[in-house]
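Have a look at the structure below before the remarks.
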Amino acid sequence: MSVLKLKNTYTRSVETFQPLDPEGRRVTMYSCGPTVYSYAHIGNFRSFLMSDVLRRVLERNGYEVRHVMNITDVGHLTEDDVADAQGEDKLQKAAREMGWDPYKLARFYEHAFVEDARHLRMKNYSGGEAGEPELHPRAAGHVPEMLELIQKLIENDHAYVDDSGQVYFDIQKFPEYGKLSGKVIDDLEAGARVAVGEHKRDPRDFYLWKVDPKHLMQWDPHSDKGWDAADYERYRQLLPDGVDERIKPGFPGWHVECSAMSRAHLGSVIDIHTGGEDNIFPHHECEIAQSYGAYSTKVPGPHGAPDEGAPRHSFARYWLHGRFLLVNNKKMSKRDGTFYTVRDLLDPRGNERDELAVELEGAGFKDGKVPANVLRYALISNQYTQPMNFGVDLLKQARASVERLQIRYDKLREAVGDDTNPDADETASDKVLELVSKADEDFDAALNDNLNIPNALAVVFGAVNELNTMELGLAEAREALRLMESFDGVLDVLDRSARSGLITREQVATWLDSGTLQAKAKHLKHWAEAPDREQLWEMIEAGQLPMFEDLAPIEQMDAETIELFAAIRQNARKVKDFATADAIRDDLKRRGVQLEDTPQGFRWVLG
RNA sequence: GGUGGCGUAGCCAAGUGGUUAGGCAACGGAUUGCAAAUCCGUCACACGGGGGUUCGAAUCCCCCCGCCACCUCCA
């Protein structure tokens, strides 16, 4: 079994993963989640999906992962550090523009985010985890914990309160500020863009608590004003003596939320912290400074690292950052029309992106919609340490790749059937067993090599190619199916529903010869709904086929229906009426059913 | 200006000193009534350019060119 190695931004090197848990089993992971002031875009999701792949890889390695991803719903300013007077909370700004209450806005976009996350099969939003609020903490619900941290920083002399009642982190008290990002102090001071706030002692000081009477979301640290009752209760318990009297009503700074929430839900030190590359500076740099200033959090350098055993003044041991997603090799830009939200791609027309729908239709996407699993594949298909150049071509390639995997998977499923075959006792050949176990190991090795997805995909397609050249027995098909499911445990791009079936030539022959065709037809759901079913049946008997538009909506294309039309088509083929046969196949295709002729019979796949 | 990174065949993308990565696209062939799927083959003795080190360089060193990101809100 290969060993998991990850590129740690903190040391700029690839380190062996080793959990802090003495038993080596539990892993704690915190990912910077969305700021819910608009729909998340695909760049956001590339980063979130990186964390999703990572947690799945950790699980493959046998770890028990606790993955927290926050929701930022307060405090993230438009100009965070630039000027104290001008920065406006992103949520407040969006809320003002839409004429909404900021809380309503936050919930609206949080809901949209969760929807998108589910479409893209993020594990922390599926199954039981979706219902665990502590895995998806909201910043506005953690003001008590943030004030606790702020108070701690003031007491430790790592933060100060200015004349207006705001609180700043005192950068000079943390000499290691800049270690994560590799920024040197001189660079920052030379940069004229960092304005020195009136009350700041150092241009790099960042605020922990902001005072702005116009802000709609604010909390009074000295009374219950502005508080949710339960939060206030918790605040009183955490800080019976309150906070520094000079702190005025206001709201928390952006950086402080992650330090506070990660501590609240994962403990004071954690294994892994992830985010986008832009989070490195200043966000994560600030988190490290705060957590250390308040709680002296440190973790030992892992085995094999140059600083093995020596304390790192960071509350997370591994810092992983995804590179940006680009479009046309540039950052996404609304002005250039290269800005895509997840929902834009999943349903362009439903999101007023008609031009995008047309472009996608031109690329062969039905109704201009990109299937969610194709989008997921595209967004995880290269290594997170490389920038991704997104575009319609990438989506086309992703679709082709997913389809290739899906076809192999469907065929294996058909071969295995419901697994009650009496031949189930037969054993797979060594050749297949070796292929499966080697592919699984190679897949692990690629993923464990700092999540090298391209290499992992090379293993997947290599295995698929080999399997395609083999005649598989039942037991072998079962092994191969397991392999595909193993791959998909990380990739999660397959449609695992029974979406295909086989109809043998013998079955068709029986229907055609014994008159059961008509009996079968009577069972069709849509038949009863047809305006004149006798007439329709007469048409079929006369060799005239009704168009399916006249019959059933796609939802009703079940196995029975498909079998009927496969039989009718075979009847036409027998008398060499290929025009009719092809018309049926084309019609089925329009109804979302692909019909294929194979040596054994007929194979159908729901599209 | 400072920092980091990238440039691999038509496209995407692994590979950091020595045996065909892989995918997509295109084309040819096998198979098929036609398709679909699948297989075989071709494009592919590819590595931005120029020097150098080496028995041997996509990989190491030097110089140059082009592109991108970060340093300001951003995943």
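What's counted below: heavy atoms across the whole structure, side chains too, no hydrogens, waters or symmetry copies. Note that the structure is a prediction, hence the values are computed from the model and not measured. Just so we're on the same page: letters track the sequence lines, and every chain starts at 1.
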| request: For B:A46 and B:A9, measure between their C1' atoms and round to the nearest Å. | output: 5 Å
| said: Taking only the P atom of each, what is the distance from B:A35 to B:G28 in whole angstrom? | reply: 12 Å
| Donor-acceptor pair under 3.5 Å, A:N382 side chain vs B:C12 base | no
| request: Would you state whether a donor and an acceptor, one from the side chain of A:Q397 and one from the base of B:C11, lie under 3.5 Å apart? | output: yes
| Pair A:N382-A:R46, side-chain donor/acceptor within less than 3.5 Å | yes
| Under 3.5 Å, is there an N or O donor on one side and an acceptor on the other linking the side chain of A:R569 and the base of B:G33? | yes
| message | In this structure, how many angstroms lie between the C1' atom of B:G5 and the CD atom of A:Q383, rounded? | response | 14 Å
| task | Describe the nucleic acid contact of A:N465 in one word from base, sugar-phosphate, nothing, applying a heavy-atom distance below 4.0 Å. | result | sugar-phosphate
| task | State whether A:Y37 and A:K93 meet the cation-pi test: NZ (Lys) or CZ (Arg) under 6.0 Å from the six-membered ring centroid, and within 45° of the perpendicular axis. | result | no
| field | Residue-phosphate contact under 4.0 Å: A:R323 side-chain N/O, B:C70 OP1/OP2 | value | no
| remark: A:H284 atom NE2 is separated from B:A75 atom C1', nearest whole Å, by 10 Å
| message | Can you check the distance between B:A25 and B:G48, where both ends of the measurement are the P atom (answer in whole Å)? | response | 26 Å
| So what does the secondary structure string of RNA chain B come out as, 5' to 3', with Watson-Crick or wobble pairs under 3.5 angstrom, [ ] for crossing and | for pairs with another strand? | ((((((((.[[[..)..(...]]].(((((.......))))).....[[[[[..)....]]]]])))))))....
| Distance below 4.0 Å between A:N455 side-chain N/O and B:A14 OP1 or OP2 | no
| task | Could you tell me whether A:K210 and A:D212 have a side-chain N and a carboxylate O separated by less than 4.0 Å? | result | no
| Nearest-Å distance once atom P is located in both B:C27 and B:A69 | 36 Å
| task | With C1' as the reference atom in both, quote the distance from B:A44 to B:G10 in angstrom, rounded to an integer. | result | 12 Å
| query | When A:H255 is tested against each of A:E285, A:H283, A:E287, A:H284 for side-chain hydrogen bond (donor to acceptor under 3.5 Å, both in side chains), which residue passes? | reply | A:H283
| Set of side chain to side chain donor-acceptor pair (under 3.5 Å) partners for A:H119, sequence neighbours left out | none
| note | When A:R376, A:R121, A:K123 are each screened for salt bridge (charged side-chain N to carboxylate O under 4.0 Å, His left out) with A:D492, the one that passes is A:R121
| request: Quickly work out the A:L326 CG to B:G5 C1' distance and round it to whole Å. | output: 11 Å
| query | Starting at the 5' end of RNA chain B, which residue's closest nucleotide do you reach first, A:N44 or A:S401? | reply | A:S401
| task | Please report, rounded to the nearest Å, how far the C1' atom of B:C24 is from the CZ atom of A:F390. | result | 16 Å
| task | Mark yes or no for a side-chain to base donor-acceptor pair under 3.5 Å between A:D582 and B:G33, with no hydrogen or angle criteria applied. | result | yes
| Would you say A:N452 reaches B:A14's phosphate, i.e. side-chain N/O to OP1/OP2 under 4.0 Å? | no
| said: Using the P atom as the point on both nucleotides, what is the distance between B:A21 and B:C43, in whole Å? | reply: 14 Å
| query | Are OP1 or OP2 of B:C11 and a side-chain N or O of A:K396 less than 4.0 angstrom apart? | reply | no
| task | Take atom CD of A:E277 and atom P of B:G4, then tell me their distance rounded to the nearest Å. | result | 14 Å
| task | Please report, rounded to the nearest Å, how far the C1' atom of B:A25 is from the CG atom of A:D393. | result | 9 Å
| query | Looking across every strand, which nucleic acid part, if any, lies under 4.0 Å from A:H321 by heavy atom: base, sugar-phosphate, or nothing? | reply | nothing
| message | Applying a 4.0 Å non-hydrogen cut-off, can you work out what A:I280 is touching in the nucleic acid: base, sugar-phosphate, or nothing? | response | nothing
| said: In this structure, how many angstroms lie between the P atom of B:U38 and the CG atom of A:L412, rounded? | reply: 12 Å
| query | A:K411 or A:R12: which one's nearest nucleotide on RNA chain B is closer to the 5' end? | reply | A:R12
| message | What I want to check is whether an N or O donor and acceptor connect the side chain of A:R585 with the base of B:A35 at under 3.5 Å. | response | yes
| task | Measure from the side chain of A:P282, starting at C-beta and using heavy atoms only, and say which of B:A14, B:C73, B:C12 lies closest. | result | B:C73
| Can you find a donor-acceptor N/O pair under 3.5 angstrom joining the side chain of A:R573 to the base of B:G33? | yes
| request: Indicate, with a heavy-atom threshold strictly under 4.0 Å, whether A:F324 touches base, sugar-phosphate, or nothing. | output: base
| query | Parallel under 30°, tilted from 30 to 60°, perpendicular over 60°: which one fits the rings of A:F48 and A:F45? | reply | perpendicular
| query | Under 4.0 angstrom, heavy atoms only, what part of the nucleic acid is A:G43 near: base, sugar-phosphate, or nothing? | reply | base
| request: Sticking with atom P, work out how far B:C71 lies from B:A57, rounded to a whole angstrom. | output: 41 Å
| message | Check for me: is A:F461 stacked on B:G22 by the 5.5 Å centroid and 30° plane-angle rule? | response | no
| request: Please state the C1' separation for the pair B:G56 and B:A14 - nearest whole angstrom. | output: 23 Å
| Rounded to whole angstroms, how far apart are CZ on A:F281 and C1' on B:G2? | 12 Å
| query | Do the rings of A:F206 and A:Y177 sit parallel, tilted or perpendicular, given the 30° and 60° boundaries? | reply | parallel
| query | How about A:Q166 and A:Y168: does a side-chain donor come under 3.5 Å of a side-chain acceptor? | reply | yes
| message | Strictly below 4.0 Å, N to O, side chains only: are A:R573 and A:D577 in salt-bridge contact? | response | no
